Amino acid sequence: MSRNTLTAVNPATDEVIGQHEMLDEQGVRDKLDATRRGYDELRRLTVAERARKLHAVADLIEQRQADIGEVICREMGKKFSGVIAETKISAAIVRFYADHAEEFMAPKPKQVPGAQKAEVVRDPMGAVLGIMPWNYPLYQVVRFAAPNLAGGNACLLKHASNVPGSAKLITQLFHDAGFEEGTFTWLPVSSSAIEGILRDPIVCGVTLTGSEEAGRAVARQAGELIKPSVLELGGIDPLIVLDDADVDKAVEIAINGRFDNTGQSCAASKRLIVVESMVERFTERLVDQVQKLRIGNPLDEDTDIGPMSRKDLRDDLHDQVKRAVQHGAQIETGGQVLERPGAWYAPTVLTNVAPGNPAFDEELFGPVAAVITADNVEHAIELANHSPYGLGGTVVGQDLERAEAVARRLDVGMSFVNRPTTPFDELPFGGVKRSGYGREQSEYGFGEFLNVRTVYVADA
């Protein structure tokens, strides 16, 4: 395989399914020059005109669900029903910004002494570079692109190298909706090109969803250039099962929160913290249900668990599980690589996990659940917050007032009661601590890369 191509490999079969040429330095410069022209045209459109184009994007996402589903399934192994769910939330996010763009961009008048007029306006600033991951190839892109296009910023997409077909398809969606090359542009480049792109004056900021290591590098580069950044990084999200929880319901929530997308989600429920009086029943039921998960072709409707996205990530996960066992964890089910072509890993449940164990301290980005015993509710909260990360958290219990009180004490960006961390177009998405900073989605994700400008006109 050429070092100058992006190669897509089906993780279910090891089949090479596509190769895409990478841009050379001149190609990148040409794209950035086109972005300068495209941004100038985009910012001059009315907000209503940009909103109409966004509605067209949402329409195309809905109309092309099947094509999107097949490409994503084949490139990163997501089960087909999961892709359909991804298209639905993606379309909803795009429509949210199309519906609210004029409201969010409207000048906000202020009463200020000595002013004939004083208002706060929002202006576009240039092009936003989005460095996006492979695990939700469409959703992650629209999450950064829709608010920026609504506000008049152009978008530059640096997508994950293993999903070039998805990047190409998504770009075509935006182009077909009227956001032509120069307003929405895919940059098929390696990570080594990012710093040079950031240095171009047209780039006004960068948003990254990915690993903590990648976030540190991009934040350092953006900081040196005094350009804003938004980071959505890793998570070791807790799910607390209270002593009044319905066991069957708690297990259902835990499985959905941990094993959806084959466990490859930043906001997955990775640490299942169970109050001691519930842990035996919960673990027994959890293991039983995990063993019933159907492993198979992600394009098949009855599949519960598909492959992981890449073999190297599968092997990293297996190494973490082995180190967890060396530190005292016990494998209740799974814990092995499945011997077949592709990046397959058995759904796994670990018990006897505590602080100091890799399954407690590290992000396990795959189908591995760690059950952690808490002495009581206070201990459960202490364990949940014993982490350098703080993306999302879930509390399961029947007394909703009590469960909410526990959820409010979690050091996270998103707290959920009786539901895994779930994206909604109306709610902000993001974390605290080493899970990153800034917000996406909702009105809170709208102005991250807009100039909030004061306009003051003194009395004559």
Side-chain angles (χ1 to χ4, degrees), residues 4-6 8 18 20-45 49-50 53-54 56-57 60-61 68 71 90 94 97 124-134 137-161 163-210 218 221-222 225 227-230 440 448-450:
N4 297 318
T5 61
L6 301 175
H20 298 262
E21 288 295 321
M22 295 172 63
L23 295 173
D24 59 16
E25 290 185 14
Q26 183 59 52
V28 172
R29 286 195 294 270
D30 291 344
K31 295 283 189 182
L32 293 172
D33 287 341
T35 298
R36 271 179 268 281
R37 297 188 295 271
Y39 166 64
D40 192 53
E41 295 174 4
L42 182 66
R43 68 186 303 195
R44 295 176 189 277
L45 295 179
E49 287 171 327
R50 297 196 293 263
K53 292 177 187 288
L54 286 174
V57 172
L60 290 173
I61 290 172
I68 296 169
V71 171
S90 298
V94 176
Y97 287 112
M125 296 197 299
V128 177
L129 174 62
I131 304 170
M132 296 293 108
W134 46 261
L138 174 64
Y139 161 66
Q140 298 283 3
V141 173
V142 302
R143 206 165 74 177
F144 101 88
N148 281 296
L149 293 170
N153 285 329
C155 291
L156 295 165
L157 170 62
K158 192 285 177 199
H159 218 322
S161 59
V163 290
S166 298
K168 183 178 180 180
L169 177 61
I170 293 164
T171 301
Q172 193 62 53
L173 285 172
F174 280 90
H175 289 180
D176 289 348
F179 291 108
E180 297 87 357
E181 185 79 6
T183 58
F184 185 96
T185 302
W186 173 37
L187 300 176
V189 296
S190 69
S191 297
S192 62
I194 289 173
E195 184 172 3
I197 294 167
L198 278 174
R199 289 187 178 280
D200 193 282
I202 190 59
V203 178
C204 66
V206 57
T207 177
L208 176 143
T209 299
V218 168
Q221 293 163 8
L225 296 166
K227 293 186 178 183
S229 57
V230 169
E440 296 178 293
E448 292 281 5
F449 299 102
L450 294 176

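Residue numbers run from 1 in the order of the sequence given. What you see is a predicted model; the values in this text were computed from it and never measured.
The local environment of CD in Glu25 is sparse, with at most 12 non-hydrogen atoms from other residues, nucleotides or ligands closer than 6.0 Å.
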Step by step, work out the side chain to side chain contact (heavy atoms under 4.5 Å, CB included) result for Leu450 and Met125. CA-CA 6 Å; Leu450 294 176; Met125 296 197 299; 5.7 Å; no
Worked check of side chain to side chain contact (heavy atoms under 4.5 Å, CB included) between Val128 and Val203: CA-CA 6 Å; Val128 177; Val203 178; over 6 Å; no
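In this structure a side-chain-to-backbone donor-acceptor pair under 3.5 Å is missing from Arg143 to Glu440. The closest donor-acceptor contact from the side chain of Lys227 to the backbone of Ala222 lies at 3.5 Å or more, if one exists at all. Although no hydrogens or angles enter the test, the distance criterion places no donor-acceptor pair under 3.5 Å between the side chain of Arg43 and the main chain of Asn153. Put simply, the side chain of His159 never gets that close to the backbone of Ile131: no donor and acceptor are under 3.5 Å apart.
To the nearest 0.5 Å, atoms CD (Glu181) and CZ (Arg37) are separated by 10.0 Å. If you take CG on Leu187 and CE on Met22, they are separated by 11.0 Å, rounding to the nearest 0.5 Å. Separation of atoms CG (Leu129) and OG1 (Thr185) is listed at 11.0 Å; rounding is to 0.5 Å. Separating the CG atom in Leu156 from the CG atom in Leu32 is a distance of 6.0 Å, to the nearest 0.5 Å. Expressed to the nearest 0.5 Å, how far CD of Glu448 lies from OG1 of Thr207 amounts to 8.0 Å. The SG atom of Cys155 sits 5.0 Å away from atom CG of Asn148, with the distance rounded to the nearest 0.5 Å.
Under the 4.5 Å side-chain criterion, counting only non-hydrogen atoms from C-beta, Arg50 is not in contact with Leu149. When side chains are defined from C-beta on, Trp186 counts as touching His20, because their heavy atoms get closer than 4.5 Å. The shortest distance between side-chain heavy atoms of Ile197 and Val189 falls below 4.5 Å. Considering only heavy atoms from C-beta on, Phe174 stays 4.5 Å or farther from Thr183 through its side chain. Taking 4.5 Å as the limit, every side-chain heavy atom of Val206 sits out of range of all side-chain heavy atoms of Ile194. Val230 places none of its side-chain heavy atoms less than 4.5 Å from the side chain of Phe144.
Taking the six-membered ring where the residue is Trp, the centroids of Phe184 and Phe179 are separated by 6.0 Å or more.
Minimum heavy-atom separation, Ala146 to Val94: CB-CA, 4.1 Å. Residues Pro228 and Cys204 come closest through the heavy atom pair CD-O, 3.1 Å. Of all heavy-atom pairs between Lys31 and Leu23, the closest is CG-CD1, 3.8 Å.
Counting only residues at least two apart or in different chains, salt bridge (charged side-chain N to carboxylate O under 4.0 Å, His left out) contacts with residues 145-160 are absent.
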Contacts under 3.5 angstrom, residues 163-170 side chains, donor-acceptor by atom type, not counting sequence neighbours:
{"from": "Ser166", "atom 1": "OG", "to": "Glu75", "atom 2": "OE1", "distance (Å)": "2.7"}

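Looking at residues two or more places apart in sequence or on another chain, you find a side chain to side chain donor-acceptor pair (under 3.5 Å) between Arg199 and Glu195.
Salt-bridge annotation for Arg36 and Asp40: absent, with no side-chain N of the basic residue lying under 4.0 Å from a carboxylate O of the acidic one.
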